Amino acid sequence: MSKDTLMKWIVILVAVSMLLTAAPGCSAPARQDNTTVNGPGGSTAGSQVSAASEVKGDFIEGDVSGGEAETLNWILAADASSFGYVGYTLESLAGYDNKFNIVLKCLAKDIEISPDGLVYTITIRPDLKWGDGSQVTADDYVYTMKNLMFSSWLNYNYKEDWQEEIDGKNVYITPQVVDTTTFTITRQTVQPEFIYTLYGLTPYPKYIAVKYEGNVDAFTQAKEFNDLSYTGNLGPYKFKEWLKNDKYVVARNPDYFMGRENGGAPFFRDYIVKMFGTSAVMQFALEAGDITYCGIEPQNVAKFKLMDKINVYTVPTTGYNLIAYNQRANGWEGLRNKQVRQAISMAIDKETIVKKIYLGYAESAYSFIPSSSPWYSDDTVLKLGVAPLNSKQKAIEMLKAAGYEYGKNGDQDVLLDKDSKPVKLLLVTTPGSDVVESMSLLIKQELAAVGIDLEVKWVQWPTLLRQYMMNKAPGSSQEPRYNNGPEAVSENAWDMTLMGHNTDPNAPSGSRVFYAADGGLNSFGFFNSDVNTLFKKIRSKDGLNKDDRKKMYAELAGLISDQQPVDFLTYGRGNRGFQKTVQGIEPGINMGYNYYLWHFE
């Protein structure tokens, strides 16, 4: 979705097809400083609302079915679509505009931090209402944290963001109600980037959740949490209909808490996300005027820029695509060898991907930290996949040095495994995008050049998550999660996956969810104690000094790029196509931050 209201701000799993054709704010927003824009609803966007703005028409956003959402019960979600769908109806505490200024949402004023950096005071607006008309209170937020997010009975994938290490044990921070609209969060240790986690906080209504507390099946299936009827005036839209793999529909919320102070926003009767089987069909629908907005793939940008009725905006994004290597027991054993992972990454030419597939609308990636980030270090990352580290011959030599031999299959040299059988790997990814398919086939071709036979399998996003990314220890009673520890394996075996991650350029330590041993989304089984230590140091008093933190980020990025648990491929630039009748758009990295003010001319 196009908003900056995703409840999980820092990093999130994204289908590659979504990275390529996603709406303006599907990626998690970055932030730069604590500049606050004019209080609740008083963002610079507010000045765009014309006196002539009126409620009319339906906004139809195109999406590719490979990026379909998993759930509307947000605490159970890990994918961007799920958070995006819920975000139409439920605002977080704050968001960010295109200049990374804080835009207050449910906050009455910016979060206050004590001089010692341990106590955060959060004051919410007094006019927030649940679906039954009752007031949203500080107690709802505190209950959501203590009884739901921090519970052992719910699978919340981002628990570690709310924990700190005390005497060698991970303990949760301490939320406490002060009064109806105020609560505090107290830490025992300093975490320089914790405030960014807080800005993304959203609540559940305590009066409903207590009925399901402790019963994971009942909570998962709770009608109120799956039809979003509890959200009251907390979002610009209210849930109307969800036909999976067809469309998701939300209707204008006339009671939206930021509506009156913004000219009666929002201004569309319905906001519809329409699913398409392929990006080509979706883009044809935009050309025909059947939908209002969609992402445009690189090969079609020039054509759409010539159309009289379409505006195309090219903007930076916070998303990158990658190949994750399965280092768990049901992946090829060679992938548990750093040298093998480096060799495979070296064989895949990133410059070819940028030039021939993205047509220049991307840049090569070497880290979870983008080059636009103040924490990026160009000197410490290993630039595999670009000259001079893109040599097929060198990759072959590295594979041999790792203990693997080559044999013959006809006149072809093929890599042999430890049992002298040809190595055959499986790459799984999502369908629907020409760019994804082209990239997958290029990877297959590149690996064939070093003697590796790669099978490409396209599966729908929910299937990829449930059958390939979620895991559990064999024979255990564990509930499947994205990281159930080093012994866990997924339902289906796999070796590589092509997918997307989002990052926060100004607080990239949130990516520990992927790369730390206890990271809730470390589905590919990467466990490195030095990486764990550096993430902890960055998010401690050791990281308070920005120069020291920059050095730690440089060391961490260098270590991860050397270990190569994933092959960082590209950071893309998004091409967003809108019907010219849509007004109020501010192009930029978070261009959807004011989507509730968009309107038809």
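These figures come from a predicted structure and were not determined experimentally.
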(message) Just by distance, no angles: are the side chains of N575 and T314 close enough, under 3.5 Å, to form a donor-acceptor pair?
(response) yes

(request) May I have the step-by-step check of side chain to side chain contact (heavy atoms under 4.5 Å, CB included) for L498 and M439, ending in yes or no? (result) CA-CA 9 Å; L498 177 62; M439 200 181 316; 4.0 Å; yes

(request) Take the angle between the ring planes of Y248 and F239 and call it parallel below 30°, perpendicular above 60°, tilted in between. (result) tilted

(request) Go through the structure and list residues passing salt bridge (Lys or Arg N to Asp or Glu O under 4.0 Å) with K238, not counting sequence neighbours. (result) none

(message) Run the side chain to side chain contact (heavy atoms under 4.5 Å, CB included) test against P480 and tell me which residues pass, sequence neighbours left out.
(response) M470, K472

(request) Look at the side chain of R576 and the backbone N and O of Y313, then say whether any donor-acceptor pair between them is shorter than 3.5 Å. (result) no

(request) State whether the side chain of D97 and the backbone N or O of V103 hold a donor-acceptor pair below 3.5 Å, judged by distance alone. (result) no

(message) Any non-hydrogen side-chain atom of L427 less than 4.5 Å from a side-chain atom of K444?
(response) no

(request) Check the pair H501 / F368 against ring-ring contact (aromatic ring centres under 6.0 Å, His included), numbers first and verdict last. (result) CA-CA 9 Å; H501 288 178; F368 66 95; 10.0 Å; no

(message) Tell me every residue that passes side-chain hydrogen bond (donor to acceptor under 3.5 Å, both in side chains) with T581, counting only those two or more places apart in sequence or in another chain.
(response) none

(message) Under the side-chain contact (heavy atoms from CB on, under 4.5 Å) test against F276, which residue among D246, V64, I291, D63 passes?
(response) I291

(message) Salt bridge or not between D255 and K129? Use side-chain N to carboxylate O under 4.0 Å.
(response) no

(message) Apply side chain to side chain contact (heavy atoms under 4.5 Å, CB included) to residues K274 and D290 and explain how you reach the verdict.
(response) CA-CA 10 Å; K274 174 64 178 174; D290 296 332; over 6 Å; no

(message) Rounded at 0.5 Å granularity, tell me how far CZ in F100 sits from CD1 in I102.
(response) 12.5 Å

(message) Which residues pass the side chain to side chain contact (heavy atoms under 4.5 Å, CB included) test with A449, not counting sequence neighbours?
(response) K392

(request) Could you tell me which residues satisfy side-chain hydrogen bond (donor to acceptor under 3.5 Å, both in side chains) with Y204, sequence neighbours excluded, listed by chain and number? (result) N73

(request) Check side chain to side chain contact (heavy atoms under 4.5 Å, CB included) between K424 and all other residues, then give those that pass, not counting sequence neighbours. (result) D453

(message) Using the side-chain hydrogen bond (donor to acceptor under 3.5 Å, both in side chains) criterion, which residues pair with Y230? Sequence neighbours excluded.
(response) none

(message) Is the distance between the ring centroids of Y571 and Y320 under 6.0 Å?
(response) yes

(request) Could you tell me which residues satisfy side chain to side chain contact (heavy atoms under 4.5 Å, CB included) with N483, sequence neighbours excluded, listed by chain and number? (result) R328, N522, F527

(request) Kindly assign one of parallel, tilted or perpendicular to the pair F578 and W598, based on the angle between their ring planes and the thresholds 30° and 60°. (result) perpendicular

(message) If the condition is salt bridge (Lys or Arg N to Asp or Glu O under 4.0 Å), which residues does R466 pass it with, not counting sequence neighbours?
(response) E70

(message) Are more than 12 heavy atoms, taken from residues, nucleotides or ligands other than K356, located less than 6.0 Å from that residue's NZ atom?
(response) no

(message) Please verify the inter-ring angle class for Y156 with Y158; under 30° counts as parallel, over 60° as perpendicular, anything in between as tilted.
(response) perpendicular

(request) List for me each residue that meets salt bridge (Lys or Arg N to Asp or Glu O under 4.0 Å) alongside E224, sequence neighbours excluded, and say none if there are none. (result) K211

(request) Flag the pair P565 / F514 as yes when at least one side-chain heavy-atom distance between them is below 4.5 Å, and no otherwise. (result) no

(message) Going by salt bridge (charged side-chain N to carboxylate O under 4.0 Å, His left out), name the pairs with one or both residues in residues 590-600, residues two or more places apart or in two chains.
(response) none

(message) Which residues pass the ring-ring contact (aromatic ring centres under 6.0 Å, His included) test with Y237, not counting sequence neighbours?
(response) Y271

(message) Checking N321 against Y358: is there a side-chain donor and acceptor pair closer than 3.5 Å?
(response) yes

(message) Can you tell me how the ring of Y88 sits relative to the ring of Y85, calling it parallel under 30°, perpendicular over 60° and tilted otherwise?
(response) tilted

